[in-house]
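Structure first, commentary second.
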Amino acid sequence: MQQKGAIRIIEWEDLDKRKFYSLGVFMTLTTRATVYPASLIRTLLQVQKGKALYSGTVDAFCKILRAEGVRGLYRGFMVNTFTLVSGQAYITTYELVRRYVNQYSPSNTVKSVVAGGAASLVAQTITVPIDVVSQHLMMQGQGEHLTRFKAKPKMMLTTTKRRLTFGQSRDITVQILAADGFKGFYRGYVASLLTYIPNSALWWPFYHFYTGQLSLLAPSECPHLLLQALAGPMAAATASTITNPMDVVRARVQVEGRSSVRETFKQLLAEEGARAMTKGLSARIISSLPTSVLIVVGYETLKRLSLRADLVDSRHW
């Protein structure tokens, strides 16, 4: 009989790195494509003034789908795919820092907090410029006041109607560079770090905590992957709720071109009250739940498939 609560973590030294990276790219792309519509809606809700355009997550989804079809839910996605690099940087940093911290502390919580925060720092340094361009693309057609930069409409050969296409990232990139210089691509960088480092640092220990608690409650024959798939969304909902106020500020800073995190926070409270800090929370949780399931199932499966050949027969799941 397997001991309850003993879910063994696959560490960096247990992995075949070639398998790990080749399979990891596919997993990351699939996850991002699945949750991108919810991320887009979350950004739209966070940036709009009050409820000027959308009353909530479902309303935004229906209006975008009705006006632009499925394509409208993937505005800016092509640019966003470049974050595949940051995804690989994230998991590499997380695993390596866990291994390093293990030399000083055997506590899984300590390793998870430090590694999660460090991984987010590295990933955000790569991701923020991509996010800045992607978010301005998300805002196209959503109101003149929501973004400083406008992509040029393309003339379709089969019609005289002008409409936006996916190939507008160059327009936005050139405008940002001309208006703000290179630092324009890192607008909101501090706000991003203040959002995602705590979120990542909280997600991992909560994930391991919930996994451990569920394993104590579940029958010993219950598959570990099922317990991990349940623990992931629980950890995501907890971390998202705690860090959402900073995520709202981050979105405003990046899209509206603000320079001060503190002033943006104060203005939000003054204009829209404390409820402004919950804007986009439901969309964020909705996007984080399937994301967490996909990440957990994909990541844990990825690590099992990437397990060194000499260890395969010694592990039981």
Trace of the side chain to side chain contact (heavy atoms under 4.5 Å, CB included) decision for T30 with L294
CA-CA 9 Å; T30 302; L294 288 169; 5.7 Å; no
TODO: Kindly determine whether L44 and I64 satisfy side chain to side chain contact (heavy atoms under 4.5 Å, CB included), including the steps that lead there.
DONE: CA-CA 11 Å; L44 295 180; I64 294 170; 3.4 Å; yes
Where is the tightest heavy-atom contact between [X] and [Y], given as atom of each residue plus distance?
X    : Y    : answer
V97  : A118 : CG2-CB, 4.0 Å
T211 : A231 : OG1-CB, 3.2 Å
I126 : A89  : CD1-CB, 3.8 Å
Q124 : S192 : OE1-CB, 3.6 Å
A239 : L202 : CB-CB, 4.1 Å
M234 : L230 : CG-O, 3.3 Å

Quiz prompt | side chain to side chain contact (heavy atoms under 4.5 Å, CB included) evaluation trace for T109 with H208 | solution = CA-CA 8 Å; T109 299; H208 290 301; over 6 Å; no
Sorted by chain and residue number, the ring pair (Phe, Tyr, Trp, His ring centres under 6.0 Å) partners of F26 (sequence neighbours excluded) come out as none
[X] side chain to [Y] backbone, donor-acceptor under 3.5 Å:
X    : Y    : result
S215 : G212 : yes
S22  : K19  : yes
D14  : I10  : no
Y100 : A115 : no
T278 : R275 : yes

Identify whether [X] and [Y] are in the same connected component of the hydrophobic contact network (ILVMFWY, side-chain heavy atoms under 4.5 Å).
X    : Y    : value
Y54  : V70  : yes
Y196 : V190 : no
L214 : F206 : yes
W12  : V114 : no
V110 : V113 : no

Got a second to check how far [X]'s [atom1] is from [Y]'s [atom2], nearest 0.5 Å?
X    : Y    : atom1 : atom2 : result
N199 : T241 : CG    : OG1   : 10.0 Å
F20  : Q88  : CZ    : CD    : 7.5 Å
I176 : K183 : CD1   : NZ    : 14.0 Å
L73  : I41  : CG    : CD1   : 6.0 Å
K63  : L53  : NZ    : CG    : 7.5 Å
Y74  : S39  : OH    : OG    : 10.0 Å

Residue set satisfying side-chain contact (heavy atoms from CB on, under 4.5 Å) with M246, at least two apart, ordered chain then number -> A191, L194, T195, V249, V261
Can S86 and T127 be said to form a side-chain hydrogen bond (donor to acceptor under 3.5 Å, both in side chains), step by step?
CA-CA 6 Å; S86 69; T127 300; 2.9 Å; yes
Stepwise side chain to side chain contact (heavy atoms under 4.5 Å, CB included) test for L227 and C222: CA-CA 8 Å; L227 300 180; C222 184; 3.7 Å; yes
On the 0 to 90° scale, with breaks at 30° and 60°, tag the Y36-F77 ring pair as parallel, tilted or perpendicular. perpendicular
| task | Just say parallel, tilted or perpendicular for the rings of Y90 and W204, cut-offs at 30° and 60°. | result | parallel
Determine, for E272 against R252, whether the closest basic-nitrogen to carboxylate-oxygen distance falls under 4.0 angstrom. yes
Salt-bridge present (E95, K303; N to O < 4.0 Å) | yes
Just do the side-chain hydrogen bond (donor to acceptor under 3.5 Å, both in side chains) check on R250 and T243 with the steps written out, would you?
CA-CA 11 Å; R250 174 196 60 80; T243 61; over 6 Å; no
Side-chain heavy-atom pair [X], [Y] within 4.5 angstrom cut-off:
X    : Y    : result
L289 : V293 : no
N108 : R98  : yes
L225 : Q228 : yes
T238 : W203 : no

* Asked: For K266, does the NZ atom sit with more than 12 other heavy atoms under 6.0 Å from it, leaving out its own atoms?
  -> no
Sorted by chain and residue number, the salt bridge (Lys or Arg N to Asp or Glu O under 4.0 Å) partners of E300 (sequence neighbours excluded) come out as none
Taking the ring centre of each residue, are Y189 and F185 less than 6.0 Å apart?
no
ask   = Are S112 and Y207 close enough, and set up right, to give a side-chain hydrogen bond (donor to acceptor under 3.5 Å, both in side chains), and what steps lead you there?
value = CA-CA 9 Å; S112 298; Y207 166 62; over 6 Å; no
